[in-house]
2 protein chains.
Amino acid sequence: MENTRDLFQMITRRFGLLNKNCCSADGLDISLIQSHILYEINRQLAPSVQEVAEALGTDITTFSRQVQSLIKMNLVNKTPSLNDRRIHTLELTAEGTNIAEIIDEQINTYLEEIFAHMTDFEKETVLRSIQLLNNTMGKIGSCCAPAPR
Amino acid sequence: MENTRDLFQMITRRFGLLNKNCCSADGLDISLIQSHILYEINRQLAPSVQEVAEALGTDITTFSRQVQSLIKMNLVNKTPSLNDRRIHTLELTAEGTNIAEIIDEQINTYLEEIFAHMTDFEKETVLRSIQLLNNTMGKIGSCCAPAPR
DNA sequence: AATAATGCTTGCATTTTGCAAATAAAAGGA
DNA sequence: TCCTTTTATTTGCAAAATGCAAGCATTATT
């Protein structure tokens with residue numbers, strides 16, 4: 001049987017490959033990061049630039065520019081907050097919402113295809129396992145960080 | 001309970017974050033791709049440039065340059081094959097093997113930390129689930145590929 | 001031989017990245 | 001209140017990564 005490290009290396013790579021191909025929707029090519037940004041803005045309620053950048057683990061300057069490109073593509077709106085005008089809140093435009101939904105469907109279709117190869121019991125087991133893994137990884141800090149300089 | 005897409009979005013992101021921090025070893029900073037290259041060269045037996053690039057899903061020209069930098073770092077050797085001198089085989093240097101081992105230990109430590117939070121039964125279940133997921137994803141093509149041009 | 005196909009590398013031009021510095025707005029202290 | 005700090009975000013820049021087209025070297029096909 002394969003050892004644990006190999007198992008994780010492989011699944012990590014699979015998710016990576018899955019990601020590289022992400023996503024074409026409605027004539028627009030959406031990069032991986034962009035799709036994550038759309039997802040995250042959709043999930044949170046009018047999040048600030050910082051909140052999304054943090055959630056995605058992206059450097060904020062890079063993120064700022066990614067948002068700019070999404071604004072240019074007319075998928076995202078950015079408005080200064082009324083309470084504190086330093087903070088800019090992000091939300092999806094109608095088109096952005098549309099794209100997010102299309103991507104959502106694509107991924108759901110893919111997931112259904114995966115689980116079509118499993119019994120209901122296996123599917124339940126896999127889902128609970130991923131959930132458990134998610135929670136546990138959330139509790140622990142991240143792996144293998146380079147020494148701070 | 002969370003829906004499947006959310007679950008996968010989260011685990012994908014966790015693996016991504018895990019990856020970004022990869023890796024510092026023996027005073028060298030190893031990037032994510034580089035660590036995957038080292039892993040893959042170590043796993044295969046004297047693979048060719050193409051074989052590794054393919055396994056990692058990287059464009060071969062980008063890969064070629066990544067290998068060059070690993071050669072400069074003295075972690076990898078590249079030799080023309082005797083049978084067919086177009087083919088160049090890759091292997092780790094002593095130093096490269098060393099680095100690969102250090103990274104391996106780092107990741108194993110992290111994995112042990114994760115599983116220390118679980119019962120033996122949970123651990124077994126999670127491992128078998130990932131294995132099942134790996135195999136199933138392997139059978140299916142990748143998700144959401146953009147239309148070819 | 002001459003032509004085609006294969007494996008790999010280089011030339012570019014584009015994109016992405018992230019640190020340092022800049023800007024703008026709010027908070028805190030005298 | 002004015003001045004200094006802190007916070008949120010954006011730009012300058014320089015380095016790195018990317019990928020297509022073209023190149024070079026070697027082998028296969030005819």
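Hydrogens, waters and symmetry mates are skipped; everything else that's a heavy atom, side chains included, is used. Letters A, B, ... are given to chains in the order of the sequence lines, protein chains preceding strands, and every chain is numbered from 1.
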The complete set of salt bridge (Lys or Arg N to Asp or Glu O under 4.0 Å) pairs with one or both residues in residues 95-112 of chain B, sequence neighbours excluded, reads R5(A)-D104(B)

Going by the ring pair (Phe, Tyr, Trp, His ring centres under 6.0 Å) test, which pairs reach into residues 9-42 of chain A, not counting sequence neighbours?
-> F15(A)-F15(B)

Scoring nucleotides 23-30 of chain D by protein non-hydrogen atoms under 4.0 Å (B base, S sugar-phosphate only, - none) yields ---BB---

Residues in salt bridge (Lys or Arg N to Asp or Glu O under 4.0 Å) contact with D6(A), at least two apart in sequence or another chain = none

Should T89(A) and V49(A) count as side-chain neighbours, where that means a heavy-atom distance under 4.5 Å?
-> no

Which residues share a side-chain hydrogen bond (donor to acceptor under 3.5 Å, both in side chains) with N77(A), sequence neighbours left out | none

R43(B) meets the salt bridge (Lys or Arg N to Asp or Glu O under 4.0 Å) criterion, sequence neighbours left out, with E40(B)

Report the C-alpha distance between Y110(B) and I140(A) in whole Å, list the side-chain angles of each, state the deciding distance to 0.1 Å, and finish with yes or no for side chain to side chain contact (heavy atoms under 4.5 Å, CB included).
-> CA-CA 9 Å; Y110(B) 176 69; I140(A) 303 178; 4.0 Å; yes

Name every residue in residues 34-49 of chain B that has at least one heavy atom under 4.0 Å from any atom of DNA chain D, in order of residue number, or write none if there are no such residues.
-> none

With S69(B) via side-chain hydrogen bond (donor to acceptor under 3.5 Å, both in side chains) - residues at least two apart = Q34(B)

Between P of dT17(C) and CG of D29(B), the distance in whole Å | 18 Å

Figure out the CG/P separation between L32(B) and dT16(C), and round it to whole Å.
-> 18 Å

Scan residues 51-79 of chain A against DNA chain D and write down, sorted by residue number, each residue with any heavy atom closer than 4.0 Å; if none is found, say none.
-> T61(A), S64(A), R65(A), Q68(A), K78(A)

Taking salt bridge (Lys or Arg N to Asp or Glu O under 4.0 Å) as the test, write out the residues that go with R85(A), two or more places apart.
-> none

Would a distance-only check, ignoring hydrogens and angles, find a side-chain to backbone donor-acceptor pair under 3.5 Å from T93(B) to N74(B)?
-> yes

Worked check of side chain to side chain contact (heavy atoms under 4.5 Å, CB included) between I114(B) and M137(A) | CA-CA 7 Å; I114(B) 290 177; M137(A) 288 172 87; 3.7 Å; yes

Contacts of D59(A) meeting salt bridge (Lys or Arg N to Asp or Glu O under 4.0 Å) (sequence neighbours excluded), chain-then-number -> none

Detail all sub-3.5 Å separations between protein N/O atoms and N/O atoms belonging to nucleotides 2-4 of chain D.
none

